[in-house]
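Reading through the C-alpha coordinates given below for one structure.
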Amino acid sequence: MHVRVVPPTLRLGKSGADVRTLQSLLNQRLQPVPRLEISGRFDERTELFVRRFQSATGLESDGVCGRNTWNALSAPAMQTPAPAVPDDTAVQSDPPWMRIALREVGQREIAGAHHNPRIVEYHASTLLRARTDEVPWCASFVNWCVREAGFKGTNSAAAASWARWGVPCEARRGAIAVIYNSTARNSSLSTTGHHVGFLMHETPTHLELLGGNQADSVKVSRYARTSWTLKAYRWAPEAAQPAPTE
(Lines give C-alpha, C1' and ligand atoms only; values in the text may rest on other atoms or scores of the structure.)
Protein backbone atom coordinates (compact mmCIF):
# COMPACT_ATOMS: atom_id res chain seq x y z
CA MET A 1 0.00 0.00 0.00
CA HIS A 2 1.33 3.43 -0.95
CA VAL A 3 1.62 5.77 2.00
CA ARG A 4 1.73 9.48 1.17
CA VAL A 5 4.47 11.21 3.12
CA VAL A 6 3.59 14.71 4.24
CA PRO A 7 6.64 17.03 4.50
CA PRO A 8 7.57 18.29 7.96
CA THR A 9 6.04 21.36 9.54
CA LEU A 10 7.89 24.48 8.40
CA ARG A 11 8.03 27.89 10.02
CA LEU A 12 10.13 31.05 10.08
CA GLY A 13 13.84 30.21 10.38
CA LYS A 14 13.68 26.76 8.79
CA SER A 15 15.76 25.93 5.73
CA GLY A 16 16.40 23.11 3.29
CA ALA A 17 14.87 21.24 0.37
CA ASP A 18 11.35 21.19 1.87
CA VAL A 19 11.38 24.98 2.07
CA ARG A 20 12.36 25.14 -1.61
CA THR A 21 9.40 22.89 -2.41
CA LEU A 22 7.12 25.17 -0.40
CA GLN A 23 8.37 28.29 -2.17
CA SER A 24 7.89 26.65 -5.57
CA LEU A 25 4.32 25.61 -4.72
CA LEU A 26 3.46 29.11 -3.49
CA ASN A 27 4.70 30.53 -6.80
CA GLN A 28 2.49 28.03 -8.65
CA ARG A 29 -0.68 28.42 -6.59
CA LEU A 30 -0.91 32.15 -5.90
CA GLN A 31 -2.02 34.56 -8.59
CA PRO A 32 -0.51 36.94 -9.50
CA VAL A 33 2.69 34.97 -8.99
CA PRO A 34 4.49 36.22 -5.85
CA ARG A 35 7.89 35.58 -7.49
CA LEU A 36 9.41 34.12 -4.34
CA GLU A 37 13.09 33.33 -4.61
CA ILE A 38 13.58 29.54 -4.36
CA SER A 39 16.23 30.05 -1.71
CA GLY A 40 15.44 27.23 0.68
CA ARG A 41 15.25 29.77 3.52
CA PHE A 42 11.92 30.28 5.29
CA ASP A 43 12.22 34.05 5.65
CA GLU A 44 9.67 36.76 6.46
CA ARG A 45 8.55 37.07 2.84
CA THR A 46 7.89 33.32 2.61
CA GLU A 47 5.93 33.51 5.87
CA LEU A 48 3.86 36.40 4.49
CA PHE A 49 2.83 34.40 1.41
CA VAL A 50 2.10 31.29 3.46
CA ARG A 51 -0.33 33.46 5.45
CA ARG A 52 -1.85 34.78 2.23
CA PHE A 53 -2.34 31.27 0.86
CA GLN A 54 -3.86 30.10 4.14
CA SER A 55 -6.30 33.03 4.18
CA ALA A 56 -7.26 32.37 0.56
CA THR A 57 -8.03 28.72 1.22
CA GLY A 58 -9.89 29.14 4.51
CA LEU A 59 -7.08 27.90 6.78
CA GLU A 60 -5.87 29.55 9.96
CA SER A 61 -3.48 32.29 8.86
CA ASP A 62 -0.63 31.48 11.25
CA GLY A 63 2.27 31.47 8.75
CA VAL A 64 3.21 27.90 9.69
CA CYS A 65 3.14 25.30 6.93
CA GLY A 66 1.77 22.16 8.57
CA ARG A 67 -0.23 19.17 7.32
CA ASN A 68 -3.35 21.12 6.31
CA THR A 69 -1.37 23.76 4.44
CA TRP A 70 0.73 21.12 2.65
CA ASN A 71 -2.45 19.28 1.65
CA ALA A 72 -4.03 22.46 0.28
CA LEU A 73 -0.87 23.35 -1.64
CA SER A 74 -0.63 19.87 -3.13
CA ALA A 75 -4.32 19.39 -3.96
CA PRO A 76 -5.31 19.42 -7.65
CA ALA A 77 -6.30 22.91 -8.66
CA MET A 78 -9.71 21.74 -9.95
CA GLN A 79 -10.57 20.38 -6.50
CA THR A 80 -9.09 23.08 -4.30
CA PRO A 81 -8.51 26.21 -6.34
CA ALA A 82 -6.53 28.92 -4.68
CA PRO A 83 -8.46 32.17 -5.10
CA ALA A 84 -6.56 34.97 -6.75
CA VAL A 85 -4.36 36.65 -4.19
CA PRO A 86 -2.92 40.01 -5.25
CA ASP A 87 0.82 40.52 -5.35
CA ASP A 88 1.97 42.38 -2.23
CA THR A 89 3.70 45.02 -4.36
CA ALA A 90 0.64 45.69 -6.51
CA VAL A 91 -2.54 45.38 -4.44
CA GLN A 92 -4.61 48.09 -6.04
CA SER A 93 -7.24 48.09 -3.29
CA ASP A 94 -4.64 48.69 -0.57
CA PRO A 95 -3.98 52.25 0.57
CA PRO A 96 -0.64 53.48 -0.78
CA TRP A 97 1.09 53.36 2.61
CA MET A 98 0.22 49.66 2.87
CA ARG A 99 1.77 48.85 -0.50
CA ILE A 100 4.94 50.63 0.59
CA ALA A 101 4.99 48.80 3.92
CA LEU A 102 4.67 45.42 2.22
CA ARG A 103 7.77 46.08 0.15
CA GLU A 104 9.75 46.56 3.36
CA VAL A 105 9.02 43.07 4.73
CA GLY A 106 12.29 41.46 5.80
CA GLN A 107 14.08 44.59 6.97
CA ARG A 108 15.53 43.78 10.38
CA GLU A 109 17.88 45.00 13.06
CA ILE A 110 21.58 44.18 12.84
CA ALA A 111 23.04 42.56 15.93
CA GLY A 112 26.02 44.22 17.55
CA ALA A 113 27.45 47.69 17.05
CA HIS A 114 26.19 48.13 13.48
CA HIS A 115 22.72 49.44 12.66
CA ASN A 116 20.48 48.83 9.66
CA PRO A 117 20.60 52.07 7.66
CA ARG A 118 17.04 51.51 6.45
CA ILE A 119 15.75 51.53 10.04
CA VAL A 120 17.77 54.67 10.72
CA GLU A 121 16.01 56.12 7.66
CA TYR A 122 12.65 55.24 9.25
CA HIS A 123 13.73 57.13 12.38
CA ALA A 124 14.63 60.18 10.28
CA SER A 125 10.91 60.65 9.52
CA THR A 126 10.32 61.60 13.18
CA LEU A 127 11.51 64.49 15.32
CA LEU A 128 13.43 62.07 17.54
CA ARG A 129 15.71 61.08 14.62
CA ALA A 130 17.26 58.17 16.51
CA ARG A 131 20.53 56.93 15.04
CA THR A 132 20.36 53.28 16.09
CA ASP A 133 18.10 50.37 15.25
CA GLU A 134 17.83 49.50 18.95
CA VAL A 135 15.44 52.36 19.74
CA PRO A 136 11.83 51.08 19.40
CA TRP A 137 10.87 51.94 15.84
CA CYS A 138 7.28 50.86 15.17
CA ALA A 139 6.05 54.48 14.99
CA SER A 140 9.05 55.51 12.92
CA PHE A 141 8.20 52.78 10.41
CA VAL A 142 4.57 53.91 10.14
CA ASN A 143 5.65 57.57 9.79
CA TRP A 144 8.09 56.65 7.02
CA CYS A 145 5.52 54.60 5.08
CA VAL A 146 2.87 57.30 5.36
CA ARG A 147 5.32 60.01 4.32
CA GLU A 148 6.57 57.94 1.37
CA ALA A 149 2.94 57.59 0.28
CA GLY A 150 2.63 61.39 0.15
CA PHE A 151 0.74 61.98 3.40
CA LYS A 152 1.72 63.87 6.53
CA GLY A 153 2.41 61.61 9.51
CA THR A 154 2.61 62.46 13.18
CA ASN A 155 6.37 63.13 13.05
CA SER A 156 6.48 61.43 16.44
CA ALA A 157 8.38 58.32 17.51
CA ALA A 158 5.58 57.56 20.00
CA ALA A 159 3.19 54.83 18.90
CA ALA A 160 0.35 56.43 20.87
CA SER A 161 0.55 59.55 18.68
CA TRP A 162 -1.20 57.61 15.90
CA ALA A 163 -4.37 57.25 17.99
CA ARG A 164 -5.12 60.91 17.21
CA TRP A 165 -3.91 60.99 13.59
CA GLY A 166 -6.26 61.33 10.63
CA VAL A 167 -9.81 60.13 11.09
CA PRO A 168 -11.28 57.09 12.86
CA CYS A 169 -12.28 54.15 10.69
CA GLU A 170 -13.66 50.65 10.93
CA ALA A 171 -11.47 47.56 10.79
CA ARG A 172 -10.17 47.27 7.24
CA ARG A 173 -6.96 46.14 5.63
CA GLY A 174 -4.38 48.91 5.78
CA ALA A 175 -5.94 50.75 8.70
CA ILE A 176 -3.37 52.09 11.14
CA ALA A 177 -3.95 50.18 14.37
CA VAL A 178 -2.81 51.39 17.78
CA ILE A 179 -2.78 48.72 20.49
CA TYR A 180 -1.76 48.71 24.14
CA ASN A 181 -0.41 46.17 26.63
CA SER A 182 0.77 47.37 30.03
CA THR A 183 3.15 44.41 30.35
CA ALA A 184 5.00 45.52 27.20
CA ARG A 185 6.28 48.70 28.87
CA ASN A 186 10.04 49.21 28.70
CA SER A 187 10.44 46.21 26.42
CA SER A 188 12.30 45.96 23.12
CA LEU A 189 8.92 46.50 21.41
CA SER A 190 7.76 49.57 23.32
CA THR A 191 8.72 51.90 26.14
CA THR A 192 5.12 52.89 26.90
CA GLY A 193 3.22 49.68 26.21
CA HIS A 194 1.77 51.08 22.97
CA HIS A 195 2.42 49.58 19.54
CA VAL A 196 1.34 50.68 16.06
CA GLY A 197 1.15 48.85 12.76
CA PHE A 198 -1.00 48.29 9.67
CA LEU A 199 -3.99 45.98 10.00
CA MET A 200 -3.82 42.85 7.87
CA HIS A 201 -6.67 40.88 9.42
CA GLU A 202 -8.93 41.03 12.46
CA THR A 203 -10.49 38.04 14.22
CA PRO A 204 -12.48 37.76 17.47
CA THR A 205 -9.31 36.58 19.22
CA HIS A 206 -6.40 38.28 17.43
CA LEU A 207 -5.23 41.32 15.50
CA GLU A 208 -2.81 40.56 12.69
CA LEU A 209 -0.54 43.54 12.02
CA LEU A 210 2.15 44.30 9.48
CA GLY A 211 4.61 46.52 11.29
CA GLY A 212 8.12 47.46 12.21
CA ASN A 213 10.03 46.37 15.30
CA GLN A 214 8.01 43.15 15.41
CA ALA A 215 10.56 40.52 16.50
CA ASP A 216 13.17 43.16 15.54
CA SER A 217 11.99 43.21 11.92
CA VAL A 218 9.31 44.29 9.47
CA LYS A 219 6.89 41.39 9.41
CA VAL A 220 3.35 40.25 10.08
CA SER A 221 2.62 39.34 13.71
CA ARG A 222 -0.49 38.29 15.62
CA TYR A 223 -1.53 40.03 18.86
CA ALA A 224 -3.97 38.29 21.18
CA ARG A 225 -6.90 40.38 22.34
CA THR A 226 -6.55 38.80 25.78
CA SER A 227 -3.25 40.69 26.15
CA TRP A 228 -3.58 43.67 23.80
CA THR A 229 -6.25 46.37 23.88
CA LEU A 230 -7.23 48.07 20.63
CA LYS A 231 -6.96 51.84 21.12
CA ALA A 232 -7.82 53.05 17.61
CA TYR A 233 -8.10 52.35 13.92
CA ARG A 234 -7.12 55.44 11.91
CA TRP A 235 -7.13 56.48 8.25
CA ALA A 236 -5.71 59.44 6.36
CA PRO A 237 -8.44 62.08 5.94
CA GLU A 238 -7.27 62.81 2.39
CA ALA A 239 -7.44 59.14 1.31
CA ALA A 240 -10.62 57.53 0.07
CA GLN A 241 -11.98 55.00 2.54
CA PRO A 242 -13.25 51.77 0.98
CA ALA A 243 -16.59 50.48 2.13
CA PRO A 244 -16.33 48.10 5.09
CA THR A 245 -16.32 44.43 4.13
CA GLU A 246 -19.65 42.78 4.89
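The analysis underlying the following values was restricted to heavy atoms, covering all of them including side chains, and did not include hydrogens, waters or symmetry mates. Just so you know, residue 1 is the first one in the sequence shown, and it goes up from there.
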Under the side-chain contact (heavy atoms from CB on, under 4.5 Å) criterion, do T46 and D43 qualify, and how do the steps go? CA-CA 5 Å; T46 301; D43 54 13; 2.8 Å; yes
What pair of heavy atoms forms the shortest contact from H201 to L199, and how long is it? O-CD1, 3.4 Å
How close do A175 and W235 get, heavy atom to heavy atom, and via which atoms? N-CZ3, 3.6 Å
State, yes or no, whether a side-chain contact exists between L209 and V220 at a heavy-atom distance under 4.5 Å. no
Pairwise side-chain contact, V105 with L210, heavy-atom cut-off 4.5 Å (strictly under): yes
For N155 and T126, indicate whether the former's side chain and the latter's backbone hold a donor-acceptor pair under 3.5 Å. no
Could you pull out all residues at least two apart from S15 that satisfy side-chain hydrogen bond (donor to acceptor under 3.5 Å, both in side chains)? none
Only pairs at least two apart or in different chains count here, so list each salt bridge (Lys or Arg N to Asp or Glu O under 4.0 Å) that has a residue in residues 117-131. E104-R118, R118-E121
Is the shortest side-chain heavy-atom distance between T69 and Q54 below 4.5 Å? yes
For the aromatic rings, using the six-membered ring if either is Trp, is the centroid distance between Y180 and H195 under 6.0 Å? no
Measuring from S140:OG to L127:CG, what's the distance to the nearest 0.5 Å? 10.5 Å
Output yes when a side-chain donor or acceptor of W97 lies under 3.5 Å from a complementary backbone atom of G174, and no otherwise. yes
Provide the full list of salt bridge (Lys or Arg N to Asp or Glu O under 4.0 Å) pairs with a residue in residues 192-206, sequence neighbours left out, each pair given once. E202-R225
Apply side-chain contact (heavy atoms from CB on, under 4.5 Å) to the pair V146 and I176, showing each step before the final yes or no. CA-CA 10 Å; V146 167; I176 294 173; 4.0 Å; yes
Backbone N or O of P95 within a donor-acceptor pair of the R173 side chain at under 3.5 Å? no
Measuring only between side-chain heavy atoms, which start at C-beta, is L207 closer than 4.5 Å to W228? no
pair V50-L10: side-chain heavy atoms closer than 4.5 Å: no
Look at the side-chain heavy atoms of Ile, Leu, Val, Met, Phe, Trp and Tyr, link any pair under 4.5 Å apart, and say whether V142 and V167 land in one connected group. yes
To the nearest 0.5 Å, atom CZ of R103 lies from atom CZ of R45 at 10.5 Å
Should the pair D62-R222 be classified as a salt bridge under the 4.0 Å nitrogen-to-oxygen rule? no
Are H115 and T132 linked by a side-chain donor-acceptor pair shorter than 3.5 Å? no
Under the ring pair (Phe, Tyr, Trp, His ring centres under 6.0 Å) rule, collect the residues that match up with Y122, sequence neighbours excluded. W137, F141, W144
So, using side-chain hydrogen bond (donor to acceptor under 3.5 Å, both in side chains) as the criterion, who are the partners of S156 when residues are at least two apart? none
Kindly give the heavy-atom pair with the smallest separation between L73 and C65, and that separation in Å. CD1-SG, 4.2 Å
When you look at T21 and D18, which way does the side chain to side chain donor-acceptor pair (under 3.5 Å) test go after all the steps? CA-CA 5 Å; T21 299; D18 290 318; 5.0 Å; no
In this structure, would F151 and F198 fall into the same cluster of hydrophobic residues linked by side-chain contacts under 4.5 Å? yes
So, taking the atom named SG in C138 and the one named CG in N213, what distance separates them when rounded to the nearest 0.5 Å? 6.0 Å
Decide whether I119 and I110 are clustered together by the hydrophobic rule: side chain heavy atoms of Ile, Leu, Val, Met, Phe, Trp, Tyr closer than 4.5 Å, transitively. no
Would you compute the distance between atom OG of S217 and atom CG of D133 and round it to the nearest 0.5 angstrom? 11.5 Å
Closest approach of L25 to S74 (non-hydrogen atoms, all atoms of both residues): CD1-OG, 4.4 Å
Are W70 and T9 side-chain neighbours, meaning at least one heavy-atom pair lies under 4.5 Å? no
Assess the side chains of S221 and E208: does a donor N or O sit below 3.5 Å from an acceptor N or O? no
Roughly how far, to the nearest 0.5 Å, is CZ of R52 from CE of M200? 4.5 Å
CD1 (I100) and CG (D94) are apart, to the nearest 0.5 Å, by 11.0 Å
Is the side chain of S161 donor-acceptor paired with the backbone N or O of A158 at a distance under 3.5 Å, no angle test? yes
Donor-acceptor pair, Q214 side chain versus K219 backbone, under 3.5 Å? yes
Would you kindly say whether N27 and S24 are connected by a side-chain donor-acceptor distance under 3.5 Å? no
Minimum heavy-atom separation for F42 to R11, with atom names? CG-O, 3.2 Å
Decide, yes or no, whether a salt bridge links R108 with E44 under the criterion of side-chain N to carboxylate O below 4.0 Å. yes
Sequence neighbours left out, what passes ring pair (Phe, Tyr, Trp, His ring centres under 6.0 Å) with Y233? Give chain and number order. none
Within a strict 4.5 Å, meaning less than it, do heavy atoms of the L128 and V135 side chains meet? yes
Donor-acceptor contact present, side-chain W165 to main-chain K152, <3.5 Å: yes
Heavy-atom closest pair, residues V178 and A160: CG1-CA, 4.4 Å
If we only count heavy atoms from C-beta on, is the R29 to F53 side-chain gap below 4.5 Å? yes
